[in-house]
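The structure appears right after this line, and notes come after that.
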Amino acid sequence: MKRLLLLLLVRGCGGKEDSVELGPSETAEAFCRALAAGEFARACELCDTVSMKAYIDTYRSVFESFSEENEKAAAIASDILGDMDFSVENMTKEGGRRIVFYTIGLSDGIKRNKVATLMKVEGAWKVETVTDRN
């Protein structure tokens, strides 16, 4: 079950922190954790919703389908994903964008390497893309 949940998360990466400005790495992590928790409105706040709409909608669809099949399992999955590791390996600058290279994983050793591209929009970092990294 953990493998399925991590797969759902990596296919897709709290309340609003109005007074805290998040940097690119923190924004990527908050976005990933919001998706894992099924907090899609929060995930939308952290991204460029035009380019990330399909990404979030795909994850939402799978998450909702899974939740309908087994509500208790969905709650357990949310807890497991909430405890995931998130570690940034590197961040580079490309013009006005920041590229964040990170790894997410669960306690059983399953890990996925990802890359998030972020840009500043109206003073806040927003996720533009999330892709797999080999």
Side-chain angles (χ1 to χ4, degrees):
M1 182 162 108
K2 287 182 181 180
R3 290 180 193 271
L4 172 64
L5 297 173
L6 183 61
L7 176 63
L8 296 175
L9 172 65
V10 298
R11 273 199 82 210
C13 336
K16 189 173 180 181
E17 296 124 8
D18 293 323
S19 62
V20 177
E21 182 178 327
L22 301 177
S25 297
E26 294 86 6
T27 300
E29 180 174 5
F31 177 76
C32 187
R33 290 191 184 281
L35 283 179
E39 297 173 353
F40 303 110
R42 174 69 178 141
C44 286
E45 292 172 0
L46 295 165
C47 70
D48 172 357
T49 54
V50 173
S51 62
M52 293 295 290
K53 182 179 182 338
Y55 185 87
I56 292 171
D57 286 348
T58 298
Y59 190 78
R60 181 191 334 246
S61 174
V62 172
F63 190 89
E64 289 172 353
S65 174
F66 186 70
S67 295
E68 288 173 7
E69 289 178 22
N70 189 333
E71 190 173 314
K72 186 174 181 178
I76 293 168
S78 183
D79 288 342
I80 291 169
L81 291 172
D83 290 336
M84 74 180 172
D85 292 326
F86 184 98
S87 61
V88 174
E89 281 82 43
N90 192 19
M91 182 172 64
T92 61
K93 184 178 178 181
E94 195 173 282
R97 290 177 169 76
R98 299 298 182 272
I99 314 300
V100 178
F101 299 85
Y102 64 95
T103 300
I104 55 176
L106 298 176
S107 59
D108 66 358
I110 297 172
K111 295 184 185 234
R112 294 291 185 262
N113 298 316
K114 308 295 273 179
V115 178
T117 303
L118 297 95
M119 70 178 286
K120 222 166 198 185
V121 177
E122 298 179 6
W125 288 103
K126 301 289 183 176
V127 178
E128 283 188 313
T129 63
V130 176
T131 57
D132 290 326
R133 174 173 50 109
N134 295 330

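Taking CG of Leu22 as the reference point, atom CD of Glu29 lies at 9.5 Å (rounded to 0.5 Å). In this structure, the separation between SG on Cys44 and CG on Leu35 is 8.5 Å, given to the nearest 0.5 Å. Asp85 contributes atom CG, which lies 12.0 Å from atom CD1 of Ile110 (distance to the nearest 0.5 angstrom). Summarising the geometry, atom CG belonging to Leu118 is positioned 9.0 Å from atom CE belonging to Met91; distances are rounded to the nearest 0.5 Å.
Scored by the side-chain contact (heavy atoms from CB on, under 4.5 Å) test, Thr129 finds Thr117 as partners (sequence neighbours excluded). Applying the side-chain hydrogen bond (donor to acceptor under 3.5 Å, both in side chains) rule to Arg60 yields no partners; only residues at least two apart in sequence or on another chain are considered. Residues forming a side-chain contact (heavy atoms from CB on, under 4.5 Å) with Glu89 (at least two apart in sequence, or on another chain): Ser87, Thr103, Arg133. For Val121, the side-chain contact (heavy atoms from CB on, under 4.5 Å) partners are Met119, Lys126, not counting sequence neighbours. Taking the side-chain contact (heavy atoms from CB on, under 4.5 Å) definition, one finds that Lys120 meets it with Glu21, Trp125, sequence neighbours left out.
Here the closest non-hydrogen pair linking Ala28 and Val127 is CA-CG2, 4.4 Å. In terms of heavy atoms, Phe31 sits closest to Cys47 at CE1-CB, 3.9 Å.
Not a single donor-acceptor pair under 3.5 Å links the side chain of Ser61 to the backbone N or O of Asp57.
Using a 4.5 Å heavy-atom threshold, the side chains of Cys32 and Met84 count as touching. A heavy-atom distance below 4.5 Å is found between the side chains of Tyr102 and Val130.
Cluster note: Ile99 groups with Phe101, Val115 through ILVMFWY side-chain heavy atoms spaced under 4.5 Å, whether in direct contact or through intervening members.
Listed by first and then second residue, the salt bridge (charged side-chain N to carboxylate O under 4.0 Å, His left out) pairs involving residues 90-106 are Arg97-Glu128 (not counting sequence neighbours).
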